[in-house]
Structures are given as structure tokens and as C-alpha cells.
Amino acid sequence: MASFNDNEAGTDDENRPLLSERVEANKEDENSEDMNNEDIELTGCGATAACNPHRTLHRFLVLILICFLSFGSYFCYDNPSALQNQIKDAMEVDTSKFMLLYSLYSWPNVLLCFFGGFLLDRVFGIRLGTVIFSIFIVLGQCIFALGASLNSYNIMLAGRFVFGLGGENLAVAQNTYAVVWFKEKELNMVFGLQLSFSRVGSTLNMNIMKPIYDLTNDALPSYQRLGIALWVGAGFTIFSLLCGVYLGYLDGRAAKILKREAGATGEKIQLRDIKDFPLTLWLMFFICVAYYVAVFPFIGLGIIFFEDKFGFSPAEANAVNSLVYFISAGASPLFGFLVDRFGRNVYWLILGVILTLASHGLLAFTFLNPFVSMSLMGCAYSILACALWPIVAFIMPEYQLGTAYGFMQSIQNLGLAVVSQVAGLIADKYGYLMLEVFFMACLCVALICGVLLYLVDASRGGFLNLSTRQREKLKKEGEIQVQKPLSTPVKGGAGPSGAYIRPQSPFHLRNRYLSRLGAKLPDTYNVNTKALARHGVLQ
């Protein structure tokens, strides 16, 4: 017994250094954790409400920067539309070649819709990525303006291609910043302000670019006057770039003070998920393409149409052509609230298509003041956007939303790239009446697909067209199950004991709120991230 105790004591003596080392290491870890948990003390200007990330005033100063982040991009996107006559005259191009300025913007986003979020999450990071994509926008607009100054239409086309590389991805970054700073509060309002502010940029472009062109020296060649006007647009993109740089600085500073990680888009895009897409989702894709190709190419060609048919002056034509953007800035939050309040998304979707079809019919076959028709189109555009994009989240599980939204936006850009060219050819060969008939035919396709969506959904229980009250009832029933572990293992999970239904990710939140506000999902994003972007969230 004595020898056994001696050996045991010897063993204890041998272990004491190891135990003491572990205790000291644990103390060091605890001390480091305590130091990390201590708030960074802010002094001087940094402690004021305007500079303290904990304070509401600072967050709303950041919101101003977030809104201005895409202002230059939205302002310059429709520069060709605002200066359509001037570009065609100075560059001596017909309508089909003119529409290449829009097609070349859309082509790169056919692929970038899938990879923009990945680049921001895994390659650049949100702060550096924002600056890089802002630089693409600045370079694209500068090349575009330089081509006009040098009287080279090919250089102008190259500029629009480069511009497209940054435009939709910047919308992804913008939406990510919004979620990072306002995820817990005011997110609904923030996305509404963001969308409205973007549309203000589009409206401002439509109404000031022609006057800026007119202010240039009449003695200069037309291409030089055009270049001067486009360089003004480049100034707006540089301003937005500076906002992106400063926003990145404030976000990095806040990350240190608040001890949070840099924002991520949350996108998870996997091409193999396409095989799981149901019929209802494919109908949504067809509706998306058939509808938006009847709106954005029309706006791109609208100036000459209003001048020729209605005898409007260039200023009046620009004003009426901008009504869709102007009205959607205010109407999107309103109709988003109504869709939220009553539900029945499929009914709203079909109503939006019908009203847009009626608007094109009035423009084509009557001489009613186009302010009425375009106002109707603006309301219809807002209704459809508020109803269309959330349906995807009703159809697909969260882990496939990135793929679904990315594919939807990719097809949308492909449609815009092709139809922009087709629209230009029709306008050149057959005139604007046949162009309107073509747009109405596209809307008829969207309407047929909308009716088929309703019938297919009705045959499967009508889940997509539930009222808000019915959906809330199902949600409450689902919440009872959320509180319990799943009875079967979840694919990729740890098993029954730890498999709980997870709360919505920032990616899903972003898609949900952007969609409800009628924002075009950034082409490289989803309401979650891709944006939320141009032709439908925020485009």
C-alpha cells in the first residue's frame, strides 16, 4: 500500500507542472476574453452622437452614404435614354445600334448575377469589393464619355460594357451594408428610402442631361457637346465612389468598436439546384422576362416616341419618360404595404401585368395624354415588383433562394440584352406602332404565364396566393414545430438532437424586405443581396 501511495504521489508531482501550466493558460485566455469584451473607450469627437456607432444619429449618417453609394450608377444607367437624339445624331447610328448601349450593359450580368455575391463574400470582402465595383462604374462612365469626346462609338460601347461589370454588383454591396447596419431596426424603412433614392437618381438624369447638353457651346461639334454632358455623369460616379470609400472606413471602424464581423451577402448559389426547380418557379421566370422586356427597353426608346407621336418638346418627352421611375419611388413602399396587408400575391401580379398592357395599348392606339398612360405604367410596375419577387421565397426553400434569385436575374438580363436589340430593329424597320404591338405581345405572354401560375398553384392547394391572414395562421402553426427538435436528421446537420429550424438569415431578410418594397433585385444579388438592383430592386 505504501509503495502504491508513493507512486501516486510521484505521479501527482509530475503532473503538477502541467496542471499549473493549464491553469495559467486558462487565466490568460480569460484575461484576453475580458479584454475583448471591454468596450473601446471613445473620446473627443469620436464620442459624439454623430461619430459613435452605438448612436442612432451615426447610423443615419451612414444611411445617407449608403443611399449615395448607388446614386451615380442609377443616374448614369439611363444617360443614353436621356440623350437619345443627341447620341444618334452625333454618332450617326440607327436605333438598333443605339440599343447596343443597353444590351452591352446586360450581357456581363447574365453571368455576374451568379458570382457577384461570391466575389464580395469570399474574394474581396464587402468593403474592398464596394470600392472595386465603384471603380468599374467610374471607369465605365469615363470610357463612355471619352468615346463621345473622341467621336468613337466603339469606345462608347466598351465603356457601357465596363459600366455593367460594376453596376449590379454594387447593388449587392449596397444591400449588404443596409442589412449589416439596420438588420435589427428600421430595415423596412431603410430599403424603402434606398429604393426611392435610387429612382430619384434615374428621374434626375432624365430631366437634367438634355438641359446640360443645351448649355454647352453651340459652336462645338455635336460629339464634343455630348462628351461634355457625359463627363458630368462621370462626376456623379466619382462622388459615389468617394461615398463608398468613406463608408468602408466607417464600417471598419464600427466593426472594431462593436466587435462584429464584416458584412456578407449570405448568398449560396449552386447550379445543381436548378434541377429541383418546380413548374411554378419556371413560370415565374417567364413572367419576369416577358414583363420587364416590355418596360425597360421602352423607356430606353421612349424619348423619340413621345416627340414623334405627341409632338412633345425634348424637355416634355424626358419628363414623361421618367414618370415610371418617379412614381415607383413613392408608390413602391405604398403597394408593398398593401401586398403585405392583404396577401394574394398572384392576383396582384396578374393585375400589374394587365395594367401595364392597358398602358401600352393607350400609348399605341390613342392620343390620350401620355402622362396618364405612363403614370398608370409606373403604378403597375410598382404593383408587379412588390408581388413578383416575394413569390420566389414562397416556392423555394431558403438554402436554394440564392440559386433561384440568381437564375431569375440572369434570365432577366439575358432577355433585356436580346430584346433591346430586337426592339431597336423593329423601331428602325417598322416604326414605333409595331414596336408597341411587340411589347404588348410580350405582356400577353406574361399574362398567360400568370394565369397558368394561378391554375397550377390552385391545383396544388393555392399556397402562393394565400391571404396574409391565412399565411400568418400557417406561420403560427409552423412556430409550434420550430420549438421542437426535428425527428429526423437534417441533411448536412448534426442529427435529431441538435437539428433545429434556423432563423432567417440576412440573405433571406434582404430578399424579403427588398421584394416587399418593390425593389429590383440587384442583378448580382437577390433581395437578399443582388441586388436588390436595378431593373426590377432595387430592377
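Since this is a predicted model, take the numbers as computed values, not measurements.
Separation of atoms CG (L323) and CG (L376) is listed at 11.5 Å; rounding is to 0.5 Å. Interatomic distance, F326 CZ to L204 CG, rounded to the nearest 0.5 Å: 11.5 Å. Considering CD1 of I143 and CG of L150, their distance stands at 11.5 Å, rounded to 0.5 Å. L250 CG to I66 CD1: the interatomic distance, rounded to the nearest 0.5 Å, is 10.0 Å. Note that CD1 of I411 is 9.0 Å distant from CE of M408, once rounded to the nearest 0.5 Å. Considering CG of L447 and CG of L357, their distance stands at 7.0 Å, rounded to 0.5 Å.
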**Asked** Could you walk me through whether F239 and F68 pass the ring-ring contact (aromatic ring centres under 6.0 Å, His included) check?
**Response** CA-CA 8 Å; F239 172 73; F68 275 115; 5.1 Å; yes

**Prompt:** After noting the C-alpha distance and the side-chain angles of I228 and L220, does the key distance pass the side chain to side chain contact (heavy atoms under 4.5 Å, CB included) rule?
**Reply:** CA-CA 10 Å; I228 293 172; L220 294 174; 3.8 Å; yes

**Prompt:** Yes or no on side chain to side chain contact (heavy atoms under 4.5 Å, CB included) for Y432 and E436, after CA distance, side-chain angles and deciding distance?
**Reply:** CA-CA 6 Å; Y432 281 87; E436 280 288 14; 5.7 Å; no

**Prompt:** Should S240 and L69 be marked as a side chain to side chain contact (heavy atoms under 4.5 Å, CB included) after you check the CA-CA gap, both sets of side-chain angles, and the distance that decides it?
**Reply:** CA-CA 5 Å; S240 291; L69 186 61; 5.7 Å; no

**Request:** May I have the step-by-step check of side chain to side chain contact (heavy atoms under 4.5 Å, CB included) for L388 and C288, ending in yes or no?
**Result:** CA-CA 8 Å; L388 175 74; C288 177; 4.2 Å; yes

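Nearest approach of I304 to Q84, heavy atoms of both residues: CD1-NE2, 3.2 Å. Nearest heavy atoms, M440 versus A364: SD-CB, 4.5 Å. Annotation for S106 and N413: closest pair CB-O, 3.4 Å, computed over non-hydrogen atoms. Residues I87 and Y153 approach most closely at CG2-CE1, 4.2 Å, considering heavy atoms. When all heavy atoms are compared, the tightest approach of M99 to Q421 is C-NE2, 3.4 Å. Contact detail for P108 and G164: the closest heavy-atom pair is CG-C, 4.2 Å.
Using a 4.5 Å heavy-atom cutoff, the side chains of C379 and F335 are in contact. In this structure, the side chains of C142 and W231 come closer than 4.5 Å at one or more pairs of heavy atoms. For the pair P370/L363, a side-chain contact is recorded, criterion being any heavy-atom separation below 4.5 Å from C-beta on. Side-chain contact between M156 and L230: present, with at least one pair of heavy atoms (C-beta onward) separated by less than 4.5 Å. In this structure the side chain of V293 reaches within 4.5 angstrom of the side chain of C442, judged on heavy atoms. The side-chain heavy atoms of M209 and Y213, taken from C-beta on, include no pair separated by under 4.5 Å. Two residues are said to be in side-chain contact when any heavy atoms from C-beta on lie closer than 4.5 Å; F306 and M374 meet this criterion. You'll find the side chain of I155 stays beyond 4.5 Å of the side chain of F144, heavy atoms only.
In this view, R225 and D218 satisfy the salt bridge (Lys or Arg N to Asp or Glu O under 4.0 Å) rule, not counting sequence neighbours. Here D214 pairs with K210 under the salt bridge (Lys or Arg N to Asp or Glu O under 4.0 Å) rule; sequence neighbours left out.
Between the S375 side chain and the F371 main chain, a donor and an acceptor come within less than 3.5 Å of each other. Formation of a donor-acceptor pair under 3.5 Å by the T216 side chain with backbone atoms of I212 is not found in this model. Between the side chain of T95 and the main chain of G424, no donor-acceptor pair closer than 3.5 Å is present. Remark: side-chain polar atoms of T237 are not paired, donor with acceptor, to backbone N or O of G72 under 3.5 angstrom. Panel note: side chain E316, backbone S313; a donor-acceptor pair is recorded below 3.5 Å. A donor-acceptor pair is defined here as one N or O able to donate and one able to accept, closer than 3.5 Å; no such pair exists between the side chain of S420 and the backbone of Y102.
Side-chain atoms of Y291 and T356 include a donor-acceptor pair closer than 3.5 Å. Side-chain polar atoms of S202 and D78 form no donor-acceptor pair below 3.5 angstrom. No side-chain donor from either of Y325 and N205 sits under 3.5 Å from a side-chain acceptor of the other. Between S96 and D94, the side chains place a donor N or O and an acceptor N or O closer than 3.5 Å (distance only, hydrogens not considered). A side-chain donor from one of N321 and S81 sits under 3.5 Å from a side-chain acceptor of the other. Side chains of E307 and N85: a donor on one and an acceptor on the other come within 3.5 Å.
The aromatic rings of Y105 and F163 lie tilted to each other, with the angle between the two planes from 30° to 60°. Between F439 and H360, the ring planes are tilted. Angles from 30° to 60° get that label. Note: F71 and F75 have parallel aromatic rings, judged against thresholds of 30 and 60 degrees for the angle between ring planes. By the 30° and 60° cut-offs, the orientation of the rings of Y292 relative to Y381 is perpendicular.
Sorted by first and then second residue, the side chain to side chain donor-acceptor pair (under 3.5 Å) pairs involving residues 130-144 (not counting sequence neighbours) are N79-Q141.
Counting non-hydrogen atoms of neighbouring residues, nucleotides and ligands closer than 6.0 angstrom, the NZ atom of K309 exceeds 12 such neighbours. The 12-atom threshold is exceeded at CZ of F438, counting heavy atoms of other residues, nucleotides or ligands nearer than 6.0 Å. F286 CZ: 12 or fewer foreign heavy atoms inside a 6.0 Å radius. Other residues, nucleotides and ligands contribute only 12 or fewer heavy atoms inside 6.0 Å of the OH atom of Y246.
Cation-pi contact between R160 and Y77: present, with separation from the ring centre below 6.0 Å and deviation from the ring axis of at most 45°.
Considering L139, I132, V138 as possible partners of I135, the one that fulfils the side chain to side chain contact (heavy atoms under 4.5 Å, CB included) test is L139.
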